[in-house]
Chemist: 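Sharing a structure, written as structure tokens. Questions coming.
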Amino acid sequence: MRQGLSLRVSQHLALTPQLQQSIRLLQLSTLELSQEIEQMLEVNPFLEMDHEAAEREQFGLAQADMPVSEGDRISEYAPSTTTDFSSSSTDSNKDQDATPLSAEPGDDGVSWEGDGTTETTPDDGEWGGEAKARTNNLGDDEDKDATELARVQESLQSHLLRQALRLRLSDTDSAALRFLIESLNDDGYLEDHLEALAQGLAGDDLEQIEDLVHHFTVALGLLHSLEPVGVGARDLGECLRLQVRALLADLDTDAPEHDLEREVLEVALRVCQQPLDFLARRDIKRLVAMGVGSDVLVREAIALIARLEPKPGRRFVDVERNIVVPDVLVSAIHKAGATPKFRVQLNPDVMPRLRVHDIYANVLRNHKANSSHAGLQQRLQEARWFIKNIQQRFDTILRVSTAVVERQKSFFTHGELAMRPLVLREIAEELGLHESTISRVTTAKYMATPFGTFELKYFFGSGLDTESGGSASSTAVRAIIKQFIAAESSKKPLSDNQLSEMLKEQGIECARRTVAKYREGLKIAPASLRKAL
């Protein structure tokens with residue numbers, strides 16, 4: 001075995017803390033970013049919200065088309081950790097007093113080698129929009145007035161508990177009913193078995209479990225009697241049966257004119273007692289063969305069941321919490337006799353107003369020579385990098401959004417039927433970024449347009465060949481399929497083969513399997529289930 005020395009040249013990309021933070025912030029959604037900012041405000045004393053309405057030039061537009069630096073371009077190709085750093089045009093003065101994170105006390109070397117710059121504003125103030133970040137649409141409790149509080153939607157649990165107060169129950173039964181109400185999911189279903197609920201309270205005490213199951217059974221019957229009808233069901237079949245029984249109970253049995261209606265309800269109850277697969281497939285022949293009822297009554301019963309509510313708690317769901325706040329706003333600028341132009345801007349409501357605490361930063365600057373303050377110097381530098389990385393995040397979102405709007409002008413003028421095929425690679429090449437960076441930017445980021453609010457990924461789609469030699473966007477093809485189905489006859493719905501042939505007549509080559517995939521993506525049932533009974 002011989003020993004020897006050799007030289008080997010290799011390249012290695014090390015992700016600095018600043019680069020790692022920038023990558024992580026880029027892929028966060030608006031809500032996650034707001035939570036990240038709140039956490040940083042709690043742990044870093046040098047960071048604070050800027051509540052002053054200081055005038056500032058419009059954010060992001062000056063640097064939207066600036067080239068990417070060579071260091072940033074290299075960092076694009078780090079495996080699974082790719083992002084973009086756009087240059088900051090608003091912060092041009094270097095702070096010579098900041099102590100680097102990686103330097104020894106007294107050393108003024110450059111730290112955090114993310115892009116090689118240490119730019120900050122002279123007074124450590126930073127950027128922001130017109131409104132502070134928020135995690136909901138109601139603001140803080142102190143800002144709510146009586147009108148806003150009145151608009152808060154009543155929850156399913158509150159609605160049921162209010163009804164339970166009218167019942168004259170013992171303390172034990174009242175507690176059992178309240179426990180079941182609190183155990184319901186958002187749809188109004190009781191997902192857990194009574195035995196499992198009892199065991200969670202009593203542990204391994206079999207006698208107590210049996211006693212609790214008895215009280216829960218009584219409480220479940222009371223819960224089924226409350227409004228909305230069907231609440232407390234363990235599955236969809238039970239939910240439908242509860243609603244049919246309620247309709248039967250409300251029917252006047254002494255009126256002869258209600259005999260047919262009563263027969264339909266009784267058949268509907270028997271249908272709901274069968275496996276729901278027969279109901280989902282509208283397998284009328286199988287249901288008639290099983291003795292559920294005659295062909296006519298089964299058809300009437302299925303039509304009646306289709307009008308029932310499969311999710312009794314749906315109307316109590318808090319819609320406010322599901323509202324999407326767009327990151328980018330697109331508005332049309334119309335001029336007489338000219339093609340409309342579109343303005344792309346960041347939503348000020350999602351742009352946090354952050355700055356470095358001036359008083360703390362100035363005190364630390366005056367005591368810079370003290371080596372015992374190295375930890376505070378690190379916190380100050382972290383605050384500056386955090387602010388800059390958030391700025392770079394919004395710069396990148398704005399650049400990508402502007403490029404998308406430029407490529408999809410037809411959509412913003414004519415709607416989804418005019419959508420063009422677009423892939424991540426096209427935007428990446430145009431902006432000098434990596435595809436994974438575009439993927440991070442377009443995930444969980446939303447754009448408000450004249451046609452509604454869409455995720456940025458919505459504007460990207462593959463293309464289908466056309467007879468003219470061009471290509472049609474898959475989004476546009478989905479819109480055409482939706483139009484065809486909306487105009488079809490309910491008695492003779494269009495099959496996937498027919499839809500494929502109709503697309504070919506429009507000059508779009510789309511196979512039957514592709515049509516089926518697009519139809520399922522639109523959550524449209526197949527022709528057999530769309531056919532009217």
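For reference, positions follow the sequence shown, starting with 1.
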Chemist: Is the closest side-chain heavy-atom distance between Phe460 and Ser439 below 4.5 Å?
Modeler: no

Chemist: Mark yes or no for whether Arg343, through its side chain, and Ser331, through its backbone, hold a donor-acceptor pair below 3.5 Å.
Modeler: no

Chemist: Under the side chain to side chain contact (heavy atoms under 4.5 Å, CB included) criterion, do Glu36 and Leu28 qualify, and how do the steps go?
Modeler: CA-CA 9 Å; Glu36 183 79 11; Leu28 295 180; 4.1 Å; yes

Chemist: Are any of the side-chain heavy atoms of Thr453 and Met447 separated by less than 4.5 Å?
Modeler: no

Chemist: Could you check Leu398 against Gln345 for side chain to side chain contact (heavy atoms under 4.5 Å, CB included), going step by step and ending with a plain yes or no?
Modeler: CA-CA 7 Å; Leu398 182 62; Gln345 60 184 1; 5.5 Å; no

Chemist: Applying salt bridge (charged side-chain N to carboxylate O under 4.0 Å, His left out) to Asp395 and Arg399, what does each step give before you reach the verdict?
Modeler: CA-CA 6 Å; Asp395 278 338; Arg399 293 177 63 205; over 6 Å; no

Chemist: Tell me, do Leu297 and Glu263 make a side-chain contact under 4.5 Å, heavy atoms counted?
Modeler: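 Answer yes - side chains close enough.
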
Chemist: Is a side-chain donor or acceptor of Ser158 paired with a backbone partner of Glu154 at a separation under 3.5 angstrom?
Modeler: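 Here the side-chain-to-backbone pair does not exist.
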
Chemist: List the atom of Gln243, the atom of Leu308, and the distance in Å for their closest heavy-atom pair.
Modeler: OE1-CB, 3.6 Å

Chemist: Take a 6.0 Å sphere around CZ of Arg425 and say whether it holds more than 12 heavy atoms from other residues, nucleotides or ligands.
Modeler: no

Chemist: Under the side chain to side chain contact (heavy atoms under 4.5 Å, CB included) criterion, do Thr475 and Arg420 qualify, and how do the steps go?
Modeler: CA-CA 8 Å; Thr475 304; Arg420 289 183 51 196; over 6 Å; no

Chemist: Give a yes or no answer on whether the side chain of Asn347 reaches the backbone of Leu329 with a donor-acceptor pair at less than 3.5 Å.
Modeler: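 Not at all, since once roles are kept as given, no pair shorter than 3.5 Å links the two residues.
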
Chemist: So do Leu503 and Ile481 actually touch side chain to side chain, heavy atoms under 4.5 Å?
Modeler: yes

Chemist: Just checking Lys311: does its NZ atom have more than 12 heavy atoms from other residues, nucleotides or ligands closer to it than 6.0 angstrom?
Modeler: no

Chemist: Contact between Val271 and Phe278 at the side-chain level, heavy atoms closer than 4.5 Å - yes or no?
Modeler: no

Chemist: What pair of heavy atoms forms the shortest contact from Arg478 to Leu522, and how long is it?
Modeler: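 Smallest heavy-atom distance, with atoms named: O-CD1, 3.5 Å.
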
Chemist: Can you measure from CD1 (Ile390) to CE (Met351) and round to the nearest 0.5 angstrom?
Modeler: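 Rounded to the nearest 0.5 Å, the CD1-CE separation comes to 10.5 Å.
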
Chemist: Residues in ring pair (Phe, Tyr, Trp, His ring centres under 6.0 Å) with Phe459, at least two apart?
Modeler: Phe411, Phe412

Chemist: Please determine which of Gln21, Gln20, Arg24, Arg384 meets the side chain to side chain donor-acceptor pair (under 3.5 Å) test together with Asn389.
Modeler: Gln21

Chemist: Does a side-chain heavy-atom distance below 4.5 Å link Arg393 with Lys445?
Modeler: yes

Chemist: Looking at Gly313, is its backbone amide N or carbonyl O close enough to the side chain of Asp187 to form a donor-acceptor pair, meaning the two atoms are under 3.5 Å apart?
Modeler: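 No; zero donor-acceptor contacts below 3.5 Å.
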
Chemist: A side-chain contact here means heavy atoms from C-beta on lying under 4.5 Å apart; do Tyr446 and Leu456 qualify?
Modeler: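 Tyr446 vs Leu456: side chains apart.
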
Chemist: Tell me, yes or no, whether the heavy-atom count around Arg407 atom CZ, taken from other residues, nucleotides or ligands under 6.0 Å, exceeds 12.
Modeler: yes

Chemist: Look at the side chain of Glu300 and the backbone N and O of Val264, then say whether any donor-acceptor pair between them is shorter than 3.5 Å.
Modeler: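 No, Glu300 side chain to Val264 backbone: no donor-acceptor pair under 3.5 Å.
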
Chemist: How far does CG of Leu269 sit from CG of Leu304, to the nearest 0.5 angstrom?
Modeler: 11.0 Å

Chemist: Side-chain donor-acceptor pair under 3.5 Å between Tyr458 and Glu416, yes or no?
Modeler: yes

Chemist: Considering non-hydrogen atoms only, spot the tightest contact between Ala403 and Glu430 and give its length.
Modeler: CB-OE2, 3.9 Å

Chemist: Partners of Glu227 by side-chain hydrogen bond (donor to acceptor under 3.5 Å, both in side chains), sequence neighbours excluded?
Modeler: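 Counting only residues at least two positions away or on another chain, Glu227 forms a side-chain hydrogen bond (donor to acceptor under 3.5 Å, both in side chains) with His159, Arg315.
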
Chemist: So Lys523 and Glu520, salt bridge (charged side-chain N to carboxylate O under 4.0 Å, His left out) or not? Walk me through it.
Modeler: CA-CA 5 Å; Lys523 297 183 178 180; Glu520 291 172 358; over 6 Å; no

Chemist: Would you say Gln498's side chain and Ser495's backbone share a donor-acceptor pair under 3.5 angstrom?
Modeler: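 Yes, because the side chain of Gln498 sits within donor-acceptor range (under 3.5 Å) of the backbone of Ser495.
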
Chemist: Say you draw a straight line from CG of Asp186 to CG of Leu184; how long is it, rounded to the nearest 0.5 Å?
Modeler: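 Here the rounded value is 10.0 Å.
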
Chemist: Please test Ile302 against Leu287 for side chain to side chain contact (heavy atoms under 4.5 Å, CB included), starting from the C-alpha separation and ending with a verdict.
Modeler: CA-CA 11 Å; Ile302 292 178; Leu287 292 171; 4.2 Å; yes

Chemist: Got a donor-acceptor contact below 3.5 angstrom from the Thr449 side chain to the Val330 backbone?
Modeler: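 Checking the backbone N and O of Val330 against the side chain of Thr449, no donor-acceptor pair under 3.5 Å is found.
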
Chemist: Indicate whether any N or O donor in one side chain lies under 3.5 Å from an N or O acceptor in the other, for Thr30 and Asp327.
Modeler: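 Indeed, the side chains of Thr30 and Asp327 share at least one donor-acceptor pair under 3.5 Å.
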
Chemist: Calculate, to the nearest 0.5 Å, the distance between atoms CG and CZ belonging to Leu236 and Arg241 respectively.
Modeler: 9.5 Å

Chemist: Keeping the roles fixed (side chain from Arg530, backbone from Ala525), state whether a donor-acceptor pair exists under 3.5 Å.
Modeler: yes

Chemist: Hey, what do you get for CD1 (Ile485) to CD1 (Ile524), rounding to the nearest 0.5 Å?
Modeler: 4.0 Å

Chemist: Can you name the nearest heavy-atom pair linking Cys239 to Pro312, along with the distance?
Modeler: SG-CG, 3.6 Å

Chemist: Which heavy-atom pair separates Leu47 from Leu41 by the least distance, and what is that distance?
Modeler: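 It is O-CD2, 3.6 Å.
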
Chemist: Which atom pair, heavy atoms only, marks the closest approach of Cys272 to Ile305?
Modeler: SG-CD1, 3.6 Å

Chemist: Atom CD of Glu309 and atom CG of Leu240: how far apart are they, to the nearest 0.5 Å?
Modeler: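 Reported to 0.5 Å precision, the distance equals 10.0 Å.
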
Chemist: Has the side chain of Arg519 got a donor or acceptor atom that lies under 3.5 Å from a matching backbone atom of Thr514?
Modeler: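 Judged by distance alone, no pair lies under 3.5 Å.
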
Chemist: Are the side chains of Leu25 and Ser22 in touch, meaning some heavy atoms are under 4.5 Å apart?
Modeler: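 The answer is no, as the side chains (C-beta and beyond) never meet within the 4.5 Å cut-off.
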
Chemist: Counting distance only, does the side-chain N/O of Arg234 pair as donor-acceptor with the main-chain N or O of Leu190 below 3.5 Å?
Modeler: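 Looks like no, no N/O pair under 3.5 Å.
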
